[in-house]
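So the structure is just underneath, and the comments pick up after that.
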Amino acid sequence: MLDGYVGWPEDHIKMFKEAGYWEDIPFGDHLDRWASEYADKSALAFDDKEITYRQMHEHAIRLAYHMITNGIKTYDRVAIQMHNVPELVYCVYACLKIGAIPICSLPTYRWTEFSFLVNESEATAFVTHAGTVKGFDHEAFAHELREASPSLKYVLTAGTPSRSDMFSIQEVLSSNIDLDSAKKEIARYRPDPMEPALFQLSGGTTGVPKIIPRSHNDYYCNAKCSSKALDFNSSTKPVMVLPLMHNFALVNGLFAVHLAGGTVVLTESLAPKSVLQKIAMNRANIMITVPVLLHRLLDLSEEEREQYDYSSLERVLWGGNPVAPDVQLKFRDTFQCDTDQTYGMAEGLICWTRASDSLDVKLYTQGRPVSQADEVKVMDVMTGTEVPQGESGECWARGPYTLRGYYKSPERNKEVFSEDGFYKTGDLIRRDADGNITVVGRLKDCVSRGAEKINAEEVERHIEKFAKVKNAAIVGMPDKVMGERVCAFVVPLPGATFTLSELQEFLLEERKIAKYKLPERLEFIDELPVTKVGKFEKKSLRERITRILEEEKKA
Ligand code: AMP
């Protein structure tokens, strides 16, 4: 077993295998099956290209073969910094075939995030773009990262790199190799399905993100149960409007669709017109996204909307943040489609409302777990006992695809897992008599901005490195579109003054953190309120910024 990985106890392993939740084959084997079952059907649509299951499989084989001939081994870690292009999908499947472990990072991560992830996981490979994409020089970044990271040897790029020590994915895909011999060679790298298939990342509450190891058995089980709960079939054609490596996207928007033989329309732009254009161009019937896009689509005028034929859109699936019921109703009415919502997390547990649910369930709850084997407890955190049905408490989860421990984090694991293996999610939920869950709050200290969770302590530590700052506390301020945005309450050093843009510049240029984590509001304060145990008391800060925003709105 991979060092630092915590698996399931024997009795649970036996139960999940016997009940068929775990098929006990590596994820890459499923890809072979799809390639023969769905052969000439489109697996991916991107711009004006359609890629069949057979082609996708062949691309994955070529890349996997290139990886192993360049020294990548089973269980090696592969860091990824890519936008939603088909090459990303081929690389993920190539890794799964040989048991190399993709680290599911976002394309917007920068130095701070990647240097930590690469070093913590001792990644040997980095997959990115050649040259500059969306204003960021990925290739130069990869070069610097490799120089600074002893473990990192192999760099693969979408597009042709200018450096001779990096490999172009397109070149690998067009190379003249014997596919049957490559398949035989790759078979020698077939991983154990009990081992991690990929590393997801926790939005987390501690100073550094935590790595979530997800095994072949558990991730496939998750995708299969989600696919079934969502009634996906070979006609399913979602436009996927989220970074693909995000757990929500990867499980529900890629794997759950592929295992049903559907077609994934790739995009990541949250620009509403471009999404409508993608739907029209591809006749997509589902949209998988986060609430930000719903608001943006509703902000379009009728005239703007009607420029696109989105009549193929039957259903919108979203999650990550709550959406007010009146907004949901308006969306359903405006776009004449059904809607379902999810509550879930990269650590495992996924709930969905179902297509057949009543309107009330769809509007007011985030549904129920996708697998019968998911166990959810609603806990009173003070007494450590379950609350009566209908009351709110912390969500604890355990099941065939919910992690049993963060990677290499024994201390943290003691805090966030019960003795019998329940993961303490840090979310406050309520559950109705039918088992439907409604998220009512959050105990964990993070900001939920659009699709992303931002770890408060991590950003606070960076701000406190700013020479003019004594200390800082981050809270989420309410925002109609993004759900929340980051507000920094800062105690400046005596006599120091600075602006929000100076602070942002410091965080980007000196601390090199991803842009989406930046504070969007700066509030100076004489002293930060603290709790009895000496932690920053965030509730009153949240109330304070909410009051300020309300007053500003009135003015
Ligand atoms: P991530 O692991 O990045 O997908 O984030 C998971 C976290 O997002 C959960 O633990 C919740 O705190 C939050 N979350 C997910 N879905 C919802 C939802 N529908 N409503 C409110 N919060 C949610």
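In each ligand, atom 1 is the first atom listed, and ligand 1 is the first ligand listed. Just the heavy atoms: all of them, side chains too, but no hydrogens, waters or symmetry mates, feed the values below.
- To the nearest 0.5 angstrom, E268 atom CD is 9.0 Å from M240 atom CE.
- Each of the atoms 16 (N), 18 (C), 19 (N) of ligand 1 lies under 4.0 Å from some heavy atom of T342.
- Within the 3.5 Å criterion, the main-chain N or O of Q81 finds a donor-acceptor partner in the side chain of T128.
- Counting the atoms of ligand 1 from 1 in the order shown, those under 4.0 Å from a heavy atom of Q366 are 19 (N).
- A donor-acceptor pair shorter than 3.5 Å cannot be found between the side chains of E452 and Y516.
- Listed for the R332 side chain is no donor-acceptor partner under 3.5 Å among the backbone atoms of Q336.
- In this structure, the protein non-hydrogen atom closest to atom 4 (O) of ligand 1 is H246 CE1, 3.7 Å.
- Considering each of C446, G320, A249, S202, the one bringing a non-hydrogen atom nearest atom 23 (C) of ligand 1 is G320.
- The heavy atom nearest to atom 2 (O) of ligand 1, out of those in A346, G441, G344, is found in A346.
- Side-chain N/O atoms of D427 and Y343 include a donor and acceptor closer than 3.5 Å.
- Taking a 4.0 Å cut-off on heavy atoms, S448 fails to register as neighbouring ligand 1.
- The part of K444 lying near ligand 1 is the side chain, judged by heavy-atom distances below 4.0 Å.
- Considering both main-chain and side-chain atoms, Q341 never comes within under 3.5 Å of ligand 1 through any nitrogen or oxygen pair.
- Going from atom CZ of F116 over to atom CD1 of I211 covers 5.5 Å, rounded to the nearest 0.5 Å.
- In this structure, N321 counts as a contact residue of ligand 1, since one of its heavy atoms falls inside 4.0 Å of the ligand.
- Protein heavy atom in closest approach to atom 9 (C) of ligand 1: D427 OD2, 3.3 Å.
- Of the protein's heavy atoms, K453 CG, 3.6 Å lies nearest to atom 5 (O) of ligand 1.
- A heavy-atom separation below 4.0 Å is not found between F248 and ligand 1.
- Between the S105 side chain and the I80 main chain, a donor and an acceptor come within less than 3.5 Å of each other.
- Atom OH of Y364 has 12 or fewer neighbouring heavy atoms from other residues, nucleotides or ligands inside a 6.0 Å radius.
- The parts of M345 lying near ligand 1 are both backbone and side chain, judged by heavy-atom distances below 4.0 Å.
- A cation-pi arrangement, defined by a distance under 6.0 Å to the six-membered ring centre and an angle within 45 degrees of its axis, is absent between R521 and F489.
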